[in-house]
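Only one structure is covered here, and it is reproduced in the block below.
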There are 2 protein chains.
Amino acid sequence: MPHAAVQEICPLNEVLDRVSGKWAIGVLTLCGAEGVVRFTEFERGIPDISRRMLTLTLRNLERDGLLTRTVHPTVPPKVKYRLTEAARELTETLSLLTDWAKRHQAYVHAARAEYDAASAR
Amino acid sequence: MPHAAVQEICPLNEVLDRVSGKWAIGVLTLCGAEGVVRFTEFERGIPDISRRMLTLTLRNLERDGLLTRTVHPTVPPKVKYRLTEAARELTETLSLLTDWAKRHQAYVHAARAEYDAASAR
DNA sequence: CCGCATCCACCGTGATACTG
DNA sequence: CAGTATCACGGTGGATGCGG
């Protein structure tokens, strides 16, 4: 007999699955800031991301309709990515989460430190 | 040379790490709806969660200062959990994410179906 | 009633090398 | 330039059983 409120969270968990993972946020953020972004620009803009992880992240976001991918069949090839309208709304909402994170960052760190200290005793 | 906007996302990723995982959202949501919640009430309210996963989730949230845990040394023992103020603000923000998820749920599913269909060809 | 310990399967992640 | 292919690893999540 699950609680009613818990039924509501299913769509939320779907979003979080999409956006969690180490790199998705970085890609969305960079693309939101720059507009149109090329593959190599992602590589330069996001520290420590590997080619493989960048590709996988881009594919997943494209699959979910958050990113469009356009190939220019030139030599050398160019591939451009941009956010969809849905993704832009998403990043705006995520920025509110960022606000929360900044306001409570110190609090969370302190709580964690205290908890760990208490466990050690 | 990382992009400036990408530097901003660090706190956001911290939040997401905390809230991602299969169960954290369910715990926060249920606790937000009920106020004070006992261990067994979580077990009944959240479908398919195991004792172990519930325990781990509660510990992590407590560690981060999002949940308080109070033990009543009675027989049988009672343990009550409630959200901290920080957690309440967090769940409010998350509800905005839920709004986004509901509004775009159909869109995302359609995009995904089409992408998969296109890949199969 | 509440929680911890152990063991195990899986998948996301990364390193490396190759291609149109 | 923009990927793909393959291999290997570690951490997270799940099943089960014991304990205060």
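A, B, ... follow the sequence lines: proteins, then strands. Residue 1 opens every chain.
- Here the side chain of B:Y81 pairs no donor or acceptor atom with the backbone of B:C31 at under 3.5 angstrom.
- Under the rule for a side-chain contact (heavy atoms from CB on, under 4.5 Å), the partners of B:S119 that lie at least two apart in sequence or sit in another chain are B:Y115.
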What does the B/S/- profile of nucleotides 13-20 of chain C look like, 5' to 3', with a 4.0 Å heavy-atom cutoff to protein? BBB----B
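- Applying the side-chain contact (heavy atoms from CB on, under 4.5 Å) test to A:E14 and every residue at least two apart in sequence or in another chain returns A:C10, A:R18, B:Q105, B:H109.
- Atom-to-atom, CZ of A:R18 to P of C:dG12 comes out at 14 Å; the value is rounded to the nearest Å.
- Among pairs with a residue in residues 5-35 of chain A, none fulfils ring pair (Phe, Tyr, Trp, His ring centres under 6.0 Å), at least two apart in sequence or across chains.
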Between B:N13 and A:K22, is the side chain to side chain contact (heavy atoms under 4.5 Å, CB included) condition met? List the steps. CA-CA 8 Å; B:N13 265 331; A:K22 232 169 158 179; over 6 Å; no
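- Taking the 5' to 3' direction, DNA chain D first and last meets chain A under 4.0 angstrom from a heavy atom at D:dC1 to D:dT6.
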Name every donor-acceptor pair, under 3.5 Å, that has one atom in a side chain of residues 34-53 of chain A and the other anywhere in the protein, sequence neighbours excluded.
from  : atom 1 : to    : atom 2 : distance (Å)
A:E34 : OE2    : B:H3  : NE2    : 2.6
A:E41 : OE1    : A:R38 : N      : 2.7
A:S50 : OG     : A:M53 : N      : 3.2

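- Within the nucleic acid shown, B:Y81 comes within 4.0 Å of sugar-phosphate atoms alone, with no base atom in reach, counting heavy atoms only.
- For the contact set between residues 68-76 of chain A and DNA chain D, defined by any heavy atom under 4.0 Å, the members are A:R69, A:P76.
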Pairs under 3.5 angstrom only: tabulate donor-acceptor contacts from the side chains of residues 90-102 of chain B to other protein residues two or more places apart or in another chain.
from   : atom 1 : to     : atom 2 : distance (Å)
B:T91  : OG1    : B:A87  : O      : 3.4
B:T91  : OG1    : B:R88  : O      : 2.8
B:T93  : OG1    : B:E89  : O      : 3.1
B:S95  : OG     : B:E92  : O      : 2.6
B:T98  : OG1    : B:L94  : O      : 3.1
B:W100 : NE1    : A:A86  : O      : 3.0
B:W100 : NE1    : B:H104 : NE2    : 3.4
B:K102 : NZ     : A:E8   : OE1    : 2.7

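- Applying the salt bridge (Lys or Arg N to Asp or Glu O under 4.0 Å) test to A:R69 and every residue at least two apart in sequence or in another chain returns nothing.
- Contacts of B:N60 classified as side-chain contact (heavy atoms from CB on, under 4.5 Å), with partners at least two apart in sequence or in another chain: none.
- Sorted pairs that involve residues 70-80 of chain A and meet side-chain hydrogen bond (donor to acceptor under 3.5 Å, both in side chains), not counting sequence neighbours, are lacking altogether.
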